[in-house]
Amino acid sequence: MDLNLKKEQLLKSLQGKLPSETILSHQEDCSHYGGDWTRMTGDPLLVFLPKTTEQVSEILKSCQKIKIPVIPSGGRTGLSGGAVVTSNEVVLNLSKMNQISPVDTLGRTVRVQAGAVNEDVHEHCAKEGLLWPIDLASKGTCEIGGNLATNAGGVRVIRYGMARKWVSGLQIVTMNGDIIELNRGLEKNNTGYDLIQLMVGSEGTLAVITEATLKLVRLPQKEKVLFFSLPSLQAISSFFESARKGPFEILAFEFFSQKCLSAVENKLKRKSKLQKGAQFYVLMEIELGIGVEAEQKLDDWLNSILEKEFVQDGLMAQSSEEKKEVWSLREGITESIALTNEVRKYDTSVAVNKTVEFVTEAEKLFQSMNLLAELYLFGHFGDGSPHLNVVRKDSADHKTFVQDCERFEAELYPLIKKWGGSASSEHGVGLLKKSWVEFSRTPQELSLFKAIKSAFDPQGLLNPGKIFSM
Ligand code: 2HG
Ligand code: ZN
């Protein structure tokens, strides 16, 4: 059926069921919702901005009846193209569903709508001394629905794990319009399959998440932010080994190369406060016990560390301003690199104790290929989750850059497989990592994926073509 005809039919079928402000139909309004942070974009047939779960249900029901595919989306900060429109699908954007209920301090949970912004949830819970532990560089824009649909990671995975650990209830709407409550916020419920865990990481291909009950922890009582320069990856590893045994709990252990730091410094027009630079940097955030004794133990540990040859220089942020300053050096990397030139991202993961060997081999591979591109290394060292960003050199045109990246990834993914790693540690598969899923998943797993997809969405209308093709 002709697209315009389908559009008319859909609007007719929803007449009287949705307030007019929840529907965008002009191309200029719609195109804003066609893409995400990958810069890939498409033209949506229509965009829906529902305010209630019932409206989501009506939209999905009508789309199923008329056989119109739907792309669910939220803050659209994804880096794998999971929320990108590819063939004039309808966009169902949940950003207007952003209510946050009062915190349940006894149960240590909070119920939120899918469009609640991650940072707003943090601020809301902090007033009760509580924390939803998923903290990522895009926190000011990304939304809880997307955090759960992609099983977001971020900078505190080393301490708390991924998003899937921090949810005890989900409200979902399936493609046929059914509204289903999963697990009702129970801490314990051993009655068969865990459908919440199936939803988390399904990237909007099985159902649309409309509400979530999030599990909370106490806010860390005494956080310290430390920043070090180190001469090599091996040095980071030795340092990490010592930090693991240190008199504190590690909340974040992030690394980045000198190239990344220079890009951020150029963007921020400010230098890091370390006296001595080096090939690599580590940002470590820790939680310290209460009392003078804990401070003394930290000082002793720091003095012993600064004597070791693997640390070039180090500092501890002395105020909340300084903490923010140090964090901005790490959190600003993605945006700063994007300003330098065209970028391809490789969101890799290997076992934590294999990180150095893997990154060293990947770096060697990159150098041996003499590409007209530069490699920026950074990421979540403490989780075995290094981000490899390949950036075009000015001397290469777009076409050469794409060919170079294709040559590189044809060897990088087998390397990831060799190390038993994953083609996507935390950004999801979306469109960009689709052809590499088989390097991390077996044919048996992929055929189960397809069977599960068919059970939820037999006509294949929900976020079609994402993660895998049917
Ligand atoms: C981060 O760790 C994000 O800052 C983005 O996952 C990583 O830009 C990237 O490759
Ligand atoms: Zn990351």
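This is a predicted model, so every value here is computed, not measured. Each ligand, and each atom within it, is numbered from 1 in the order the structure gives.
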Undergrad: Taking 4.0 angstrom as the limit, do Lys466 and Glu203 come out as a salt bridge?
TA: no
Undergrad: How open is the angle at the Zn ion (ligand 2) from atom NE2 of His387 over to atom NE2 of His380, rounded to 10 degrees?
TA: 100°
Undergrad: Closest to the Zn ion (ligand 2), which N/O/S atom of Glu426 is it?
TA: OE2
Undergrad: Using a strict cut-off of less than 4.0 Å between a Lys/Arg side-chain nitrogen and an Asp/Glu carboxylate oxygen, indicate whether Glu143 and Arg76 qualify as a salt bridge.
TA: no
Undergrad: Hey, are Arg270 and Ser328 close enough side-chain-wise for a donor-acceptor pair under 3.5 Å?
TA: yes
Undergrad: With a cut-off of 2.8 Å, does Asp347 put an N/O/S atom close enough to the Zn ion (ligand 2)?
TA: no
Undergrad: Will you find, in the side chains of Ser31 and Asp43, an N or O donor that is under 3.5 Å from an N or O acceptor?
TA: no
Undergrad: Anything with a heavy atom under 4.0 Å from ligand 1 counts, so go ahead and list those protein residues by chain and number.
TA: Leu79, Arg330, Thr334, Lys345, Phe378, His380, His387, Asn389, Glu426, His427
Undergrad: For Lys345, is there any backbone N or O sitting under 3.5 Å from a side-chain donor or acceptor partner on Asn389?
TA: no
Undergrad: Would you call Lys224 and Glu295 a salt bridge, taking side-chain N to carboxylate O under 4.0 Å as the test?
TA: yes
Undergrad: Is the shortest side-chain N to carboxylate O distance from Glu331 to Lys139 below 4.0 Å?
TA: yes
